[in-house]
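Within every chain, numbering begins at 1; the chains are lettered A, B, ... in the order of the sequence lines, protein sequences first and strands thereafter. All values below come from the heavy atoms of this structure, side chains included, with hydrogens, waters and symmetry mates left out. What you see is a predicted model, and the numbers here were worked out from it, not measured in a lab.
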Amino acid sequence: DTGVSQDPRHKITKRGQNVTFRCDPISEHNRLYWYRQTLGQGPEFLTYFQNEAQLEKSRLLSDRFSAERPKGSFSTLEIQRTEQGDSAMYLCASSLVSGGPLNTEAFFGQGTRLTVV
Amino acid sequence: ELKVEQNPLFLSMQEGKNYTIYCNYSTTSDRLYWYRQDPGKSLESLFVLLSNGAVKQEGRLMASLDTKARLSTLHITAAVHDLSATYFCAVDIPPGTYKYIFGTGTRLKVLA
């Protein structure tokens, strides 16, 4: 396993278009997180899953954003009707939370850089 | 609202010098994480601090946690150019969820 994988790495889209990003976590990890990072800022939490259940969504996640993890493995993040303010790096991370000594911190993917023009 | 603040925000230092980055957080937590980010890249886990008084060292970096003061430090010893990056601390709320609130980041530049 080579770590958390995200696709695409870069996406340029016109305002108003829909975009979808994919994240493949580390295979044995049960938790998957999405963050957004704008230039010069720290990542901001968007949402996270335990297996296929979405446990929490940040208030940053407007109605135009939706995330899924249908089989508890990969996840998708869709942004509908993109706006220029959506331009950012979207980071995915995964961790193992089992309540025991095998728990790991979150490991991050390389991110998808979205530019809305 | 939980706040995680780092200081300084920018740090330019000469090779061979020592310096400390500070991370203050506003909630009760006994866990803190440090990550490194190179420009245009993702975040690399550096340290996981899981209790009051925890100290971890890796190469020229040493991290510590004082949960009573709600303060973590990242100390750089004899800096080298390869340490140039942005360093983030993070607290996970609730603890153990790895759902992070990140600090503002400290952009470190080590001059040859």
Side-chain angles (χ1 to χ4, degrees), chain A residues 2-7 9-10 23 25-26 29-50 53-61 88-115, chain B residues 1-10 21 23-25 27 29-51 54 56 58 63 65 72 74 85-109:
Chain A
T2 55
V4 179
S5 176
Q6 292 187 245
D7 183 70
R9 297 287 308 278
H10 303 274
C23 172
I26 294 171
H29 285 183
N30 57 354
R31 289 211 175 167
L32 186 149
Y33 313 79
W34 285 99
Y35 290 83
R36 180 173 67 189
Q37 186 178 25
T38 53
L39 203 61
Q41 302 295 317
E44 296 174 294
F45 168 77
L46 292 178
T47 187
Y48 81 116
F49 295 83
Q50 174 151 318
Q54 189 171 20
L55 296 187
E56 186 175 338
K57 293 193 293 185
S58 162
R59 64 181 186 279
L60 294 175
L61 215 64
M89 174 82 89
Y90 289 85
L91 293 163
C92 175
S94 69
S95 72
L96 176 65
V97 178
S98 64
L102 297 178
N103 286 4
T104 72
E105 73 272 30
F107 291 88
F108 284 80
Q110 297 280 32
T112 294
R113 183 169 295 284
L114 173 67
T115 303
Chain B
E1 180 186 346
L2 169 63
K3 288 188 179 178
V4 182
E5 295 179 329
Q6 289 180 235
N7 147 32
L9 297 184
F10 298 97
I21 298 170
C23 172
N24 290 90
Y25 54 98
T27 191
S29 179
D30 59 358
R31 308 165 68 101
L32 190 127
Y33 309 83
W34 284 96
Y35 284 84
R36 167 183 171 146
Q37 187 176 38
D38 291 292
K41 306 290 186 183
S42 190
L43 287 90
E44 174 192 355
S45 176
L46 291 176
F47 298 108
V48 177
L49 303 170
L50 297 179
S51 62
K56 290 196 174 177
E58 181 72 34
L65 179 61
S72 180
L74 180 66
T86 299
Y87 293 85
F88 291 98
C89 62
V91 174
D92 60 344
I93 299 296
T97 61
Y98 308 108
K99 181 175 74 73
Y100 296 137
I101 305 296
F102 280 91
T104 45
T106 296
R107 188 179 301 176
L108 171 65
K109 186 171 183 179

**OP:** Quick one: list whatever passes side chain to side chain donor-acceptor pair (under 3.5 Å) with A/Glu105, sequence neighbours left out.
**Re:** B/Ser45
Which bit of [X] comes within less than 4.5 Å of chain B, counting heavy atoms only: side chain, backbone, both or neither?
X	value
A/Glu56	side chain
A/Glu44	neither
A/Gln110	both

Subject >> chain B interface, residue from A/Gly40, A/Gly42, A/Ser95, A/Ala106 that has the most non-hydrogen pairs under 4.5 Å >> reply: A/Ala106
Subject >> Pairwise distance OH(B/Tyr98) to CZ(A/Phe107) - rounded to 0.5 angstrom >> reply: 9.5 Å
Original post:
For the atom pair OH (A/Tyr48) and OG1 (B/Thr97), what is the distance rounded to the nearest 0.5 Å?
Top reply: 5.0 Å
**OP:** Select one option (side chain, backbone, both, neither) describing which atoms of B/Gln37 are under 4.5 Å from chain A's heavy atoms.
**Re:** side chain
Subject >> Within 6.0 Å of CG in A/Leu39, more than 12 heavy atoms from elsewhere >> reply: no
Original post:
Which residues pass the side-chain contact (heavy atoms from CB on, under 4.5 Å) test with B/Arg107, sequence neighbours left out?
Top reply: B/Phe10, B/Thr86
Original post:
For the side-chain contact (heavy atoms from CB on, under 4.5 Å) test, which of B/Tyr35, B/Phe88, B/Tyr100 pairs with A/Pro43?
Top reply: B/Phe88
**OP:** Kindly give the heavy-atom pair with the smallest separation between B/Ser42 and A/Leu91, and that separation in Å.
**Re:** OG-CD2, 3.9 Å
